[in-house]
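Here the structure comes first, spelled out in structure tokens, and everything after it is commentary.
Here is how names work: the chains are called A, B, and so on, in the same order as the sequence lines, proteins then strands, and each is numbered from 1. Values in this document were obtained by computation on a predicted structure and should not be read as measured data.
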Amino acid sequence: MFNKRVKIKELLAQEPQHQEVTVMGWVRTFRNNQFIALNDGSTNNNLQVVAELGRFDEALLRRITSSASLRVTGKIVPSLGKGQKMDLQAETIEILGDSDPDKYPIQLKNRPTLEYLREVAHFRFRTNTFAAVFRVRHALAFAVHKFFNEKGFVYLHTPIITASDAEGAGEMFRVTTLPVDGSAPRNEDNSINFREDFFGRSTNLTVSGQLEGELGATAFGEIYTFGPTFRAENSNTARHLAEFWMIEPEVAFNDLEDNANLAEEFIKYIIRYAMEHNREDLDFLSQRLAEEEKQLPQDKRSEMGLIEKLEFVINNQFERLTYTEAIEILRESNYNKKKKFQFPVTGWGMDLQSEHERYLVEKHFKKPVILMDYPKEIKAFYMRQNDDGKTVAAMDILAPGIGEIVGGSQREERLDKLTERMGEMDIPTEELWWYLDTRRFGTVPHAGFGLGFERMVQFVTGMGNIRDVIPFPRTPKSAEF
RNA sequence: UCCUCCUUAGCUCAGUUGGUUAGAGCAUCUGACUGUUAAUCAGAGGGUCGCCCGUUCAAGUCGGGCAGGGGGAGCCA
């Protein structure tokens, strides 16, 4: 009985010809004691249910309130009104669940802010903006798997609990079953004795699946991971989360250029997929963004609308240049000469500040930029050393409005070079014996990258805050829901 | 973690140089109307002005501390 319902999205695609249907969903608005805008989450477009005057009990109509859930049966007829092509002429209306309008926290007519909706995140999917965002998120996630599957990659589940703390990718969350009240077993020097812990050693939540990914790549040829990642950094920004989802492909026999090609093709593919399958939601989000930007001063508004921006990205080559070239552009820029940068461009070897990256992406090139070959001092130990002795085969992709969306590199496959670098950077080689073994037995050139999924969702939906593109955000001092 | 701004009704916000009973729109409730499109019209209820301490005859308003949130920065994806 219940599964006989028709989805509103399918219904709206049909022609009204007095077909008998059952729909179920949640009330968005109830106008004129007669017209119910019903939404079932399949689309932002509501079905107009008409409860003919006098046909239904006063007591029943009283219960049709914002977000009450209904089962309605009736006939689909051409609408007499102007805003929609069809109505559902209700024959029976059943309240599945009441919603007390005095207590329900979201009144759509009040234009609740994104910040407020974050406080009632358990209901925010019932708003058009969040419904659109999370349907697009779904499409992008699905496209990730589709892309790699079509290319023959193996989806490898790397561990969420890891023992190595040698990756240097940031602060970690400890995983333990030892008591936290001070009664944990101690060593002679009073440090915690983790041999007594669940895993018999100190463990953490993963900050990256890359090292394990490399183990897969050097057997399957190409793998990707797509899973949760955890960073215990005290980062309070619109683009950081303590728990986020990362996609990490790793490919044997690829060099840095292959790596950049893969990343660019991948990004374009998943955007195109969302454009083809979720056009309505993207149109809605594009409009939402335009509305929001109307309130900004002219010079702060985007030059392109959301749809326009996405089309531009999928139809144009990303700009590729080396770190060294980027430093030159920045040094020669009028911005730098007029001392408009907060951090002056001092010269080769400096780490790029986000204002520098933004200048390159948003002012100079006005498109996504792939920066390659960074000084080895500012990059991780596993990146392949270039012949110049100064740089490593690193690659960052910077997206307009978001900043770094991809970080990757060709990996150092030469055992001696790798261990030498680990020594210089105080990375314990003993702990990573299994990682180094790939360089001892059949080592191959290989490369990979990490793409922050939420940042990608931000880019595609135009949402300014990363907390609004993950269903239940985890950030410092915040883990409700 | 640093800089900066904010916190007043269920929501979004006004609130003057400190001064009597703190306002509006929307939401909610009651009534009217009935092919509406954020329906409309009339009326009603709704406040420990984030929390604590201080200055003052008097604090929503001034000062200090704390908490939460926004924007920017760092770390990064």
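Across the interface with RNA chain B, nearest-nucleotide mapping of A:Gln34 and A:Ser66 shows A:Ser66 to be the residue nearer the 5′ end. Mapping A:Phe244 and A:Arg358 onto RNA chain B by nearest heavy atom places A:Arg358 closer to the 5' end of the strand.
In this structure, A:Asp468 pairs ionically with A:Arg118, as a charged nitrogen and a carboxylate oxygen lie closer than 4.0 Å. Between A:Glu292 and A:Arg288, at least one side-chain nitrogen of the basic residue sits less than 4.0 Å from a carboxylate oxygen of the acidic one, meeting the salt-bridge criterion. Using a cutoff of 4.0 Å between basic side-chain nitrogens and carboxylate oxygens, A:Lys340 and A:Glu355 are not scored as salt-bridged.
Residue contacts shown for A:Arg467 are limited to sugar-phosphate atoms, with no base heavy atom under 4.0 Å away. Residue A:Leu451 is out of contact with every strand shown, counting any heavy-atom pair closer than 4.0 Å. A:Ser235 comes within 4.0 angstrom of a base, heavy atoms only. Counting any heavy atom pair closer than 4.0 Å across all strands shown, A:Leu241 reaches a base atom. Residue contacts for A:Thr113: at a heavy-atom cut-off of 4.0 Å it reaches the sugar-phosphate backbone alone, with no base atom in range. Across all strands, A:Asn234 comes closer than 4.0 Å to base atoms (heavy-atom distances). Residue A:Gln342 is classed as having no contact, given no heavy-atom separation below 4.0 Å to the nucleic acid. Here A:Lys82 lies in heavy-atom contact (under 4.0 Å) with a base. As judged by a 4.0 angstrom heavy-atom cut-off over every strand, A:Phe35 is placed among the base-contacting residues.
Nucleotides B:rC57 and B:rC51 are separated by 26 Å at their C1' atoms, to the nearest Å. A distance of about 16 Å separates the C1' atoms of B:rG25 and B:rU40, rounded to the whole Å. One P atom belongs to B:rA24, the other to B:rG46, and the distance between them is 14 Å to the nearest Å. For the P atoms, the distance linking B:rG43 with B:rC62 amounts to 36 Å, nearest Å. Taking the C1' atom of each, B:rA27 and B:rA9 are spaced 11 Å apart, rounded to whole Å. B:rG74 and B:rU37 have their C1' atoms separated by 49 Å, given to the nearest Å. Atom name P, nucleotides B:rU8 and B:rU4: the rounded distance is 22 Å, in whole Å. The P atoms of B:rU56 and B:rU61 are separated by 16 Å, rounded to the nearest whole Å.
Look at NE2 on A:His240: it is 17 Å from C1' on B:rG70, rounded to the nearest Å. Between A:Ile106 atom CD1 and B:rU12 atom P the separation is 12 Å, expressed in whole Å. Summarising the geometry, the separation between CG on A:Asn33 and P on B:rG31 is reported as 11 Å, rounded to the nearest angstrom. Summarising the geometry, the separation between CG on A:Asp102 and C1' on B:rA44 is reported as 14 Å, rounded to the nearest angstrom. Spacing between atom NZ of A:Lys477 and atom P of B:rA67 amounts to 8 Å, rounded to whole angstrom units. Note: CD (A:Glu115) to P (B:rU7) measures 14 Å, nearest angstrom. Computed from coordinates, the A:Lys103 NZ to B:rA27 C1' distance equals 16 Å when rounded to whole Å. Atom pair A:Met172:CE and B:rC75:P shows a separation of 19 Å (rounding to whole Å applied).
Each of B:rG70, B:rA77, B:rU36 was ranked by its minimum atom distance to the side chain of A:Arg118; first place goes to B:rG70. Each of B:rG72, B:rC75, B:rC29 was ranked by its minimum atom distance to the side chain of A:Ala238; first place goes to B:rG72. Nearest to the side-chain atoms of A:Met246 among the listed nucleotides B:rA77, B:rC75, B:rA73 stands B:rA77. Looking at the side chain of A:Gln48, the nearest of the listed nucleotides B:rA77, B:rG35, B:rC11 is B:rG35. When distances run from any side-chain atom of A:Thr237 to the nucleotides B:rC33, B:rG74, B:rU28, the shortest one goes to B:rG74. Of the listed nucleotides (B:rG35, B:rG70, B:rU34), B:rU34 has the atom at the smallest distance from the side chain of A:Leu53.
A donor-acceptor contact under 3.5 Å is formed by the side chain of A:Asn236 with the base of B:rU1. A:Asp87 contributes a side-chain N or O that forms a donor-acceptor pair with the base of B:rG35 under 3.5 Å. With hydrogens and angles ignored, no donor-acceptor pair under 3.5 angstrom links the side chain of A:Arg111 to the base of B:rC13. For B:rU36, the base has a donor-acceptor partner in the side chain of A:Gln84 [N/O atoms by modelled type, under 3.5 angstrom]. With hydrogens and angles ignored, no donor-acceptor pair under 3.5 angstrom links the side chain of A:Glu233 to the base of B:rU1.
With a 3.5 Å ceiling on both atom-pair distances, the Watson-Crick or G-U wobble partner of B:rA44 is B:rU28. If you check B:rA9 for Watson-Crick or wobble pairing at under 3.5 angstrom, you find it has no partner at all. Across all strands shown, B:rC62 is found opposite B:rG54 as a Watson-Crick or G-U wobble partner, with both distances under 3.5 Å. Base pairing of B:rU1: its partner is B:rA73, meeting the Watson-Crick or G-U wobble criterion (both donor-acceptor distances under 3.5 Å).
Donor-acceptor pairing under 3.5 Å is lacking for the side chains of A:Thr229 and A:Trp245. When only modelled atom types and interatomic distance are considered, A:Glu214 and A:Gln210 share a side-chain donor-acceptor pair under 3.5 Å.
Residue A:Asn465 has a polar side-chain atom (N or O) positioned under 4.0 Å from OP1 or OP2 of B:rG71. Proximity of A:Arg28 to the phosphate of B:rU36: no side-chain N or O atom is located under 4.0 Å from OP1 or OP2.
Looking only at side-chain heavy atoms (C-beta outward), A:Tyr382 and A:Glu412 stay at 4.5 Å or farther from each other. For the pair A:His240/A:Thr475, no side-chain contact is recorded, criterion being any heavy-atom separation below 4.5 Å from C-beta on.
With A:Phe459 as the aromatic partner, A:Lys309 meets the cation-pi criteria of under 6.0 angstrom to the ring centre and within 45 degrees of the ring axis.
The one candidate from A:Tyr269, A:Tyr155, A:Phe266 that meets the ring-ring contact (aromatic ring centres under 6.0 Å, His included) condition with A:His145 is A:Tyr155.
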